[in-house]
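Each remark here refers to the structure printed beneath this line.
To find a chain, count down the sequence lines: A is the first, B the second, and so on, and within it residues start at 1.
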Amino acid sequence: MTDRSKAVVLWLLVGFSVVTLSAPTAVIIGASLTSGKIVTFPPDGLSLQWYAQILGAFDLRAAFLRSLYVATVCTLIALPCGTLAGIVFAKHRIRFRKGIQVYLLLPFTIPLIGSGVGLMLVFGAGGLLGSLWPVGLACCAINLPFMIWAVAGSANALDPDLEKAAANCGAPPVQTFLTVTLPAVMPGVITGALLMFILALNEFLVSLLLVDSRIVTLPVLIYNSIRSIITPDLAAISVVFVVVAAMVIAILDRLVGLDIFLKSK
Amino acid sequence: MGEAVTTSATRTDAVRNIAVSVRRVSMAYPAVLAVDDVSFELAKGSFLTILGPSGSGKTTLLQMIAGFQAPTSGEIVIAGQPVQSVPAYQRSIGMVFQRLALFPHLTVAENVAFPLRMRRFDARTIPGRVERYLDLVRLPGLGNRRIQQLSGGQQQRVAIARALVFEPDLLLLDEPLASLDRKLREEMQLEFRRIQRELSVTTINVTHDQREALIMSDEIIVMDRGRIQQMDRPQRTYRQPANRFVAGFIGLTAFLPVEVRSVREGVARLRIGGAELQGTVAGDDTLLPGGAAEAALRAEQVRVATTGAGLRNLDTVLEGRVEDVIFEGERIVYEVLVDGFNEHRVRAFDHDPALHAEYPIGAHVFVGWNVRDLLVFPA
Ligand SMILES: Nc1ncnc2c1ncn2[C@@H]1O[C@H](COP(=O)(O)OP(=O)(O)OP(=O)(O)O)[C@@H](O)[C@H]1O
Ligand SMILES: [Mg+2]
């Protein structure tokens, strides 16, 4: 194959990926701007009326705040647990390594509905159903392997000599961890935390089983209204989700710079 | 019981000005004995190089002294204190790692300040001290740079400053120069020597570069397969290798299998093929007449000439034929097949590159050397 035809194939693949990845978003943004009464694409005239409507809808706003709360709880639990687990998993030849590897594959092997029912039974037995923070805990439990992967990736790339050097400089183990190990795995920690936040923000199936009508989160609320009729306000809500995710990434870029991900290996 | 022995030994150390003593230290991994019954003492302020081939146990030994690993047996005493119960972070040892291990998220100055902060130096004195040590390694004004913005040689200097800034009792260097190009490496060798003399810090350097060992050290330990083969001053290590291994490891040495005819006053009469030779018995090895032995001859101690007259002042002069010519730039190595030596070759450096003369392959030449330079070891 010539260089030219290679380039053409490559660009076709990239173009295809970009289109398939962004098409739903583009469609939803278009649909949310419609001035009509039903979801259509292309939109039937332009207006911001549906955004005004969701802004005015108290139940939507409350559900959105609840989702943010759940995502925050999930991330706060995942930060220490996932970071330590990731570092330990990457650096130490631990016992039960095989077992832990299986655990790390769970998100792909156990259907979420299974985890959801299990958690519902456990929380029910513990009398935790009906409050919101256990939903965050549940999101953390099912998604934690993602955080562990992210941190372990960074920790694997860490030069073991760095920790020896810290000890040689007079740093006791805790100081070594804080001043050398932690900064070195920070890209993984940030990636993982971000992932946990967004996954929890969007989490639907498990939440569906754990919430009741007083504490519905946004994805569950959306699901409930889809069951009646699909109105353009749902498209507008989806756009809000996309914007929140984009904002998180933008904040991250301002805080630590996105190139940290490219340099982390 | 061990207590009493340690205490008295410790006192003697302090009196005798010993910075480090390693006593019968071994490190056994499941598959190999990486360090095998190693003992040595090092005087304060001196520069020791541990020289040995890959896998000879150099790093393992250094890691035990630094405290990253506990010996399976034996004892290490630093500045008069046995250190087996002292963790690495409480030992007063500076180390320059093979891959430097500078902290990538800190600036140059923060890297150098790190040991001072960890060892709780008075915060007000830290910036001044960092600056002084950056001056010492000739990096003034670079404190605010990031590590990634420095060249290899500059990073090397930061690592040296970081290892020295807290004035450790002992400086350990684990082949820190191995990854540099030759010119920079030679520059840094002299730099190390200058700084070490300026601060007179006791130093243990590890390398497999014999030239580096000879240039930099007060003392050299040659190691092989976990054992010390020889510990000596550089000149003696070079001129009087203790055994065949050391003779072969240092210098470009040819070994000739010989038969011992007789030995008198350290001089052995030898036979190789159809030729007769004389050599010097190395160390206090005993050679039995009639037994087999090996004679070691360094290329730089052999001269080549077109006529025997050119080699008149040498003890042994023989005729031969040039078998191979290796051009190395500043010198030329000839491999000469000496008449009567069967297929065994002698190597010789051309000692007069100013002449630009080169003997072609197949040329008939004379080779000569002195009896004291042909060292005989038991086979
Ligand atoms: N952690 C370990 N576990 C098992 N064996 C080891 C370990 N570290 C080193 N060894 C073995 O111990 C021996 C000495 O290794 P060491 O690293 O001390 O050699 P070295 O002299 O530093 O070599 P090099 O010049 O290649 O760095 C080698 O045979 C090595 O395979
Ligand atoms: Mg080594």
Next item on the list: Among the options Gly94(B), Ala163(B), Gly67(B), pick out the one with the most heavy-atom pairs lying under 4.5 Å from chain A.
Entry: Gly94(B)
Are the side chain of [X] and the backbone of [Y] linked by a donor-acceptor contact shorter than 3.5 Å?
X         : Y         : answer
Arg119(B) : Cys169(A) : yes
Asp159(A) : Ala101(B) : no
His105(B) : Thr179(A) : yes

Next item on the list: To the nearest 0.5 Å, tell me how far Phe68(B) CZ sits from Glu163(A) CD.
Entry: 11.0 Å
Of the backbone (N, CA, C, O) and the side chain (C-beta and beyond), which part of [X] lies under 4.5 Å from a heavy atom of chain A, both, or neither?
X         : value
Phe166(B) : side chain
Leu106(B) : neither
Pro104(B) : side chain

[atom1]/[X]: more than 12 non-hydrogen atoms of other groups inside 6.0 Å:
X         : atom1 : result
Arg193(B) : CZ    : yes
Glu110(B) : CD    : yes
Asp122(B) : CG    : yes

Next item on the list: Locate the shortest heavy-atom distance separating Leu162(A) from Leu102(B); write the atom from each residue and the value.
Entry: CD2-O, 3.2 Å
Margin query: Tell me the closest heavy-atom pair linking Pro173(A) and Tyr89(B), and the distance in Å.
Written below: CD-CE2, 3.5 Å
Note to self: Show, in sequence, the C-alpha distance, side-chain angles and deciding distance for Lys164(A) and Met95(B), and conclude whether the side-chain contact (heavy atoms from CB on, under 4.5 Å) test is met.
What the structure shows: CA-CA 10 Å; Lys164(A) 285 185 185 171; Met95(B) 180 153 178; over 6 Å; no
Checklist line | Asn168(A) and Pro115(B), any side-chain heavy atoms less than 4.5 Å apart | finding: no
Item checked: Contacting region of Ala184(A) [heavy-atom separation from chain B under 4.5 Å] -> neither
